[in-house]
Every structure is written in structure tokens, then in C-alpha cells.
There are 2 protein chains.
Amino acid sequence: MKIGELAKAANTPVETIRYYERVGLLHDAARTESNYRIYSEAQRDRLIFIRHCRGLDMTLDEIRLLLRFKDSPQENCAQVNTLIDEHIGHVSVRIKELKNLERQLKTLRKTCREARESGQCGILNGLSACPDGEPLTGKTGHVHGAHARKG
Amino acid sequence: MKIGELAKAANTPVETIRYYERVGLLHDAARTESNYRIYSEAQRDRLIFIRHCRGLDMTLDEIRLLLRFKDSPQENCAQVNTLIDEHIGHVSVRIKELKNLERQLKTLRKTCREARESGQCGILNGLSACPDGEPLTGKTGHVHGAHARKG
DNA sequence: CTTGACACTATAGCAACTACAGGGTTTTCA
DNA sequence: TGAAAACCCTGTAGTTGCTATAGTGTCAAG
């Protein structure tokens, strides 16, 4: 199949597929005479695997490691289990951080219940002073802040 | 004060301060004869404000808006309240997404309790098949995925 | 007076894409 | 048949919020 068909089959933008090839997640595709990429079903499955992992917010490096195990099915998968455990840990920590954040934001919001002059706004003043909670540390490894991916 | 002192006072790397100036969050600083940046206490407070907002995971664009209100204290702060409300919304949605993610990962993890051959690994096989949950949508606006900021 | 800590600019890099510009090819359908 | 639409190609630059380097200049201490 051509790249556009693959894009539909794996629900992935064409540019992203080419990007994955460029960074070595997908092997270089075969080409037609006119230089179009041609994919097999195995390659489609590989892309779907990658997209599932991305859906679980793994980094491309983590996925690279998983793919190595997928490519050598006789090897021991202990490292896979470890990777998933660590990833769960990162996500859990991030949830705690965001809950803390949410609490701080709600506290802040209460300081200005209705619109008034900015100079009297409890929110702006609260942000100038020291907030009550701990700041985010970002020590968790690779779990993003509060803002969603573009995807 | 010089940039190094400011960096300590606001607990912010020097490079980040220069970066904030470059992107217009901080006004261009005054300079000594030898071209060193010199900061007032008002500028230090502005930086601290920015860092508090970043600690609450706001984007630089959001902070820019807040700073505009801080700079014109006679204006009505309704938009500030809206911004915070929306931000709280983004964080809440992100928490839900990450909880869903955590659940999916834990389910996945259970499929391979102990190390064995990768070919038989339930995790790798689970990732090849369709996961039970919904994929992440990333529609929430600007709340990041599961990976932490470098901060 | 030299060593070290600090300051400056400019540029490149990170993740994981996304979005062009500026071409070529293939399909469709009138 | 022929033209337009839809697809494909490469290469490069942009996104966010920094971080890190290279190469240079300035200043304070001993």
C-alpha cells in the first residue's frame, strides 16, 4: 500500500509516517519506480504498534526499546516489564502533581470571585506573592506538564 | 542587581532570564557601561510572578496576558478569571486522561506478570492488538502528555 | 597581574511532530 | 484525450520553553 493508505489504516498523518522513518522507528520503505513508498502489512502493524505506544504516552526512545524486543521474540522480556512499570510510575507521579496544581489553582481562583479592577484582583496579587503549595519539580523523568500534545 | 543575583533571587537560570527578555516577557533591562544587564526590584518581582505562573503550568502566552492586566491595574480583571477557569479546566481534563492512561497501563502490565520470551510477552502482544480504552485525544488545549518538563 | 567567576552574543539542540515550498506522478472524469 | 484534482516526493523551517555550547569580554580577589 502507498503512504496515504497506510496513513488511513493506522490513523496517522503522512508527515508523521515519514518522520518515523527518518528517525529510524520504521525501516526504510520499499519504493516504486516513481519513488513512492510502498508498505507491507507487517509494516502497517508495526506502525499501529507505535501509535498504540504513543497513545499510552511513551517516548519514542521507549518505543524503540519495545520494538527491539518485538524484533527478537526469543529474548527475555523482563526489560519490557520494567519499562512499563517505570512508565506507570511516571504517570502516577504526574497525576499527583496535577492534582496538587488543580488544588492550588482553585484556591487562587477563590481569591477573586467577581470581576473588578486588576489592581484589586486577588488572583494577580496572589500570583505576585508566594503560593501556598510546592512548585512543580519536574523530576519524574519524562511525564509532561499540564498541557496536551498537539496530536 | 546583575543577572546572576536576579537568578538567585528568583530561583531561575540566567539563560532563562535572557530568554524571557528575548521573547518579550521581561522588558529589556538597563545596561551598565560594560553592557551588563541591571535589574530593579520591580523587575525581580515581575520575574517571580512569571515563575509562579510557570509553576502553575501556564503557557508563556497565558502569562503574557496576565502581565498585561498587571500592567494596567485600573482595567477589569474578568478576563483573568476566565483564563484561570479555563486553565483549571485543562488541568482537570488532563488528570482524567492520565488516570485513564494509568488504568490502561496497569491492565497491560498484568498480561505479563513474569519475564519470559518476548514472543510470548503479553505486553508486547497487547500493544500490537487494539487496546481496550480510548486513545488520548489531546483536545484539551495546552495540557501536556504524561512526560514532565525538563525544569 | 593573573586566575577565576561572572557577563555578553549568537547559534544549535531537545521532543515529536507540523507545515510549508516547490516540485513530480497518477487518477479521475468530462 | 487532456486537464484538473489528488496524491507523492524532498528539504527546510516552525512550534514550546527552555538548555547548552562556543567564543569573547569584564571584574573582583589574592
Side-chain angles (χ1 to χ4, degrees), chain A residues 1-26 28-39 47 50-51 53-64 90 135-138 140-151, chain B residues 1-26 28-39 47 50-64 90 135-136 138 140-151:
Chain A
M1 69 189 89
K2 283 191 287 183
I3 198 168
E5 300 168 73
L6 176 63
K8 266 169 210 149
N11 195 27
T12 305
V14 165
E15 293 82 6
T16 302
I17 298 174
R18 287 197 279 247
Y19 169 74
Y20 286 161
E21 182 182 298
R22 210 160 57 242
V23 299
L25 276 178
L26 293 174
D28 287 14
R31 301 290 184 128
T32 65
E33 276 195 352
S34 54
N35 204 32
Y36 283 17
R37 286 175 183 83
I38 290 295
Y39 296 93
L47 176 56
I50 293 169
R51 297 301 279 181
C53 294
R54 287 295 297 137
L56 296 172
D57 243 332
M58 294 176 198
T59 65
L60 298 191
D61 270 351
E62 288 172 327
I63 298 170
R64 239 180 285 270
H90 296 155
L136 288 176
T137 56
T140 47
H142 58 223
V143 182
H144 286 178
H147 300 251
R149 323 200 302 283
K150 302 248 187 72
Chain B
M1 68 188 88
K2 283 191 287 182
I3 198 167
E5 300 169 72
L6 177 63
K8 266 168 210 150
N11 195 28
T12 305
V14 165
E15 294 81 7
T16 302
I17 299 174
R18 286 196 280 247
Y19 169 74
Y20 286 161
E21 182 183 298
R22 210 160 58 242
V23 299
L25 276 178
L26 293 174
D28 287 14
R31 301 291 184 127
T32 66
E33 276 196 352
S34 54
N35 204 32
Y36 284 18
R37 287 173 182 82
I38 290 297
Y39 296 93
L47 176 57
I50 293 169
R51 297 300 281 183
H52 282 164
C53 293
R54 286 295 298 138
L56 296 171
D57 244 331
M58 295 177 198
T59 64
L60 299 191
D61 271 350
E62 288 172 327
I63 298 170
R64 239 181 285 271
H90 295 155
L136 288 177
T140 47
H142 59 222
V143 181
H144 286 177
H147 300 252
R149 327 199 299 283
K150 301 247 188 75

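Note on naming: letters A, B, ... go to the chains in the order of the sequence lines (proteins, then strands), and numbering restarts at 1 for each one.
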- Message: Set out, in order, the CA-CA distance, both residues' side-chain angles and the distance that settles side-chain contact (heavy atoms from CB on, under 4.5 Å) for A:Arg31 and A:Arg37, then state yes or no.
- Response: CA-CA 5 Å; A:Arg31 301 290 184 128; A:Arg37 286 175 183 83; 3.2 Å; yes

- Stretch residues 2-10 of chain B: residues that reach within less than 4.0 Å of DNA chain C through a heavy atom: B:Lys2, B:Ile3, B:Gly4

[X] [atom1] to [N] [atom2]: how many Å, rounded?
X       : N      : atom1 : atom2 : value
B:Tyr39 : C:dA7  : OH    : C1'   : 11 Å
A:Arg64 : C:dA15 : CZ    : P     : 8 Å
B:Tyr36 : C:dT9  : OH    : P     : 11 Å
B:Glu15 : C:dG13 : CD    : C1'   : 14 Å
B:Arg22 : D:dG17 : CZ    : P     : 14 Å
A:Asn11 : C:dC17 : CG    : C1'   : 15 Å
A:Tyr19 : D:dT10 : OH    : P     : 17 Å
B:Glu33 : C:dA7  : CD    : P     : 18 Å

- Quick one: pull up CG in B:Asn11 and OG1 in B:Thr16 and give me the separation to the nearest 0.5 Å. 10.5 Å

- Query: Between A:Thr32 and A:Leu60, who's closer to the 5' end of DNA chain C by nearest nucleotide?
  - Reply: A:Leu60

Taking OP1 and OP2 of [N], is either one under 4.0 Å from a side-chain nitrogen or oxygen of [X]?
X       : N      : value
B:Tyr20 : D:dG17 : no
B:Arg31 : C:dT9  : yes
B:Ser34 : D:dC27 : yes
A:Thr16 : C:dT18 : yes
B:Arg18 : C:dC8  : yes
B:Arg54 : D:dC18 : yes

- Item | Test log, rule side-chain contact (heavy atoms from CB on, under 4.5 Å), inputs A:Ile38 and A:Met1 | CA-CA 5 Å; A:Ile38 290 295; A:Met1 69 189 89; over 6 Å; no

- Just by modelled atom types, is the A:Ala10 backbone N or O under 3.5 Å from a matching donor or acceptor in the A:Thr12 side chain? yes

- Task: Please report the closest heavy-atom contact between B:Ile50 and B:Leu26, naming both atoms and the distance.
- Result: CD1-CD2, 3.8 Å

- Message: Students often get this wrong, so: under 4.0 angstrom with heavy atoms, is A:Arg37 touching a base, only sugar-phosphate, or nothing?
- Response: sugar-phosphate

- Might you work through the side-chain contact (heavy atoms from CB on, under 4.5 Å) test for B:Arg54 and B:Leu60, ending with a clear yes or no? CA-CA 8 Å; B:Arg54 286 295 298 138; B:Leu60 299 191; 3.6 Å; yes

- Message: So A:Tyr19 and A:Leu25, do their side chains get closer than 4.5 Å, heavy atoms only?
- Response: no

